[in-house]
2 protein chains.
Amino acid sequence: MSDFDLERFLPYLLNQAAEATSRSFNDIYRKAYGMTRTQWRVLAHLGRFGALTARQICDRTATEKTKVSRAVSSLEIEGWLARSPSPHDGRAEILTLTPEGQGVYADLGQQAKRYDAALRAELGPELTTELDGLLRRLIAKGGTDGAAQD
Amino acid sequence: MSDFDLERFLPYLLNQAAEATSRSFNDIYRKAYGMTRTQWRVLAHLGRFGALTARQICDRTATEKTKVSRAVSSLEIEGWLARSPSPHDGRAEILTLTPEGQGVYADLGQQAKRYDAALRAELGPELTTELDGLLRRLIAKGGTDGAAQD
DNA sequence: GATAGATAGTTGCATTTGCAACCAAGTCAA
DNA sequence: TTGACTTGGTTGCAAATGCAACTATCTATC
């Protein structure tokens with residue numbers, strides 16, 4: 001008997017906090033645009049950084065390539081994303097948002113900013129910057145391997 | 001264009017930190033015992049708190065009841081969990097770990113404790129308690145609604 | 001005590017995921 | 001240039017998940 005307490009386990013706490021804080025925002029992009037979380041991430045990254053390849057998105061978001069691949073397909077089908085061949089690498093494709101996709105990004109980005117501000121307001125400015133720092137340290141430490149499961 | 005930056009979005013940061021920190025521990029219970037995350041959670045709760053109903057586990061872990069239901073079935077099939085009828089409520093079942101299940105809990109619990117200690121050691125004691133507090137506030141605030149999405 | 005909700009838990013089905021295998025293009029060395 | 005290896009991306013299949021519908025029991029209230 002190890003008397004291990006899951007409720008004090010840092011990965012568990014982080015996961016619970018992640019789920020608790022993302023719950024209602026999930027509903028927003030899911031109900032308004034029928035988007036999955038991966039789709040939202042891909043769209044947000046392209047909206048923010050412009051043209052990227054799928055691989056770059058994988059690296060930046062630590063997401064499996066199959067997940068990104070499928071998210072890209074569906075975003076393309078929705079008409080929010082366009083592919084063009086990379087001039088430097090015949091295997092890669094440059095991904096960009098269409099004007100419609102940029103509209104979606106603008107809408108959801110606004111809502112996300114408000115949502116984030118509300119969350120941070122509850123903790124206060126000093127604590128949230130502290131929290132950011134802690135989370136980044138944990139993320140950095142986790143390494144750049146595979147991806148996630150929920 | 002909202003210039004929203006996903007990398008500063010608290011739910012995203014939390015999720016990334018959760019994934020980064022749980023990645024390698026996932027491998028442990030997955031490879032050693034073929035367990036899924038939900039199964040591990042159910043087992044850990046029963047190991048720690050003794051007899052619980054599925055509903056109590058749902059509430060404590062903010063997990064959907066279907067997920068818990070299936071995890072309970074598989075743990076039972078593995079021989080790590082036993083059900084007995086609740087004396088008070090004909091619908092509910094009291095769940096407990098078998099001796100074998102307790103052995104698995106003891107093993108994984110030990111490893112989890114070491115894993116957790118290593119994580120916390122990197123941040124130092126004051127920061128980890130601070131982090132705990134912040135996470136608990138975020139979890140509490142998230143409400144007791146549904147469950148998770150991934 | 002009968003009837004209208006609530007609640008514990010399971011099941012079916014569609015969607016999402018993870019992993020391994022795969023294809024095509026790039027790299028590097030001999 | 002050819003052959004071994006890496007890398008960007010897709011696909012197939014098995015497993016995990018989410019949601020709605022369902023059964024069975026419980027709790028009211030009349």
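The structure presented is a predicted model; accordingly, all values stated were derived computationally and were not measured. In what follows, chains carry the letters A, B, and so on, assigned in the order in which the sequence lines appear, proteins first and then strands, with residues in each chain numbered from 1. Side chains are part of it too, since the values below use all heavy atoms of this structure and drop only hydrogens, waters and symmetry mates.
Contact check of residues 78-86 of chain A against DNA chain D (heavy atom, cut-off under 4.0 Å) returns Arg83(A).
Note on residues 121-141 of chain B: no pairs pass ring pair (Phe, Tyr, Trp, His ring centres under 6.0 Å), not counting sequence neighbours.
Considering only residues two or more places apart in sequence or on other chains, Thr66(A) meets the side-chain contact (heavy atoms from CB on, under 4.5 Å) condition with Glu64(A), Arg70(A). Considering only residues two or more places apart in sequence or on other chains, Asp5(A) meets the salt bridge (Lys or Arg N to Asp or Glu O under 4.0 Å) condition with Arg8(A), Arg48(B). For Ser86(A), the side-chain contact (heavy atoms from CB on, under 4.5 Å) partners two or more places apart in sequence, or in a different chain, are His88(A), Asp89(A), Ala92(A), Ile94(A). Every residue meeting the ring-ring contact (aromatic ring centres under 6.0 Å, His included) condition with Tyr115(A), not counting sequence neighbours, appears here in chain and number order: Phe25(A). Under the side-chain contact (heavy atoms from CB on, under 4.5 Å) criterion, Glu76(A) pairs with Leu81(A), Arg83(A), sequence neighbours left out. In this structure, Thr128(A) has no side chain to side chain donor-acceptor pair (under 3.5 Å) partners at least two apart in sequence or on a different chain. Remark: Glu100(A) pairs with Trp80(A), Thr98(A) by the side-chain contact (heavy atoms from CB on, under 4.5 Å) rule, at least two apart or across chains. Under the rule for a side chain to side chain donor-acceptor pair (under 3.5 Å), Arg136(A) has no partner lying at least two apart in sequence or in another chain.
Between the CD1 atom of Ile94(A) and the C1' atom of dG8(D) there is a distance of 12 Å, given to the nearest Å. One can place CZ of Arg37(A) at 15 Å from C1' of dT15(C), the figure rounded to the nearest angstrom.
Close to dG9(C), at under 4.0 Å from its OP1 or OP2, lies no side-chain N or O of Ser69(B).
A donor and an acceptor atom, one from each side chain of Glu93(B) and Ser84(B), are nowhere located under 3.5 Å apart.
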Anything under 3.5 Å between a protein N or O and an N or O of nucleotides 1-7 of chain D, put it in a table, one pair a line.
residue: dT7(D); atom: O2; partner: Arg91(A); partner atom: NH1; Å: 2.5

Every protein N/O within reach of nucleotides 19-21 of chain C N/O, cut-off under 3.5 Å:
none

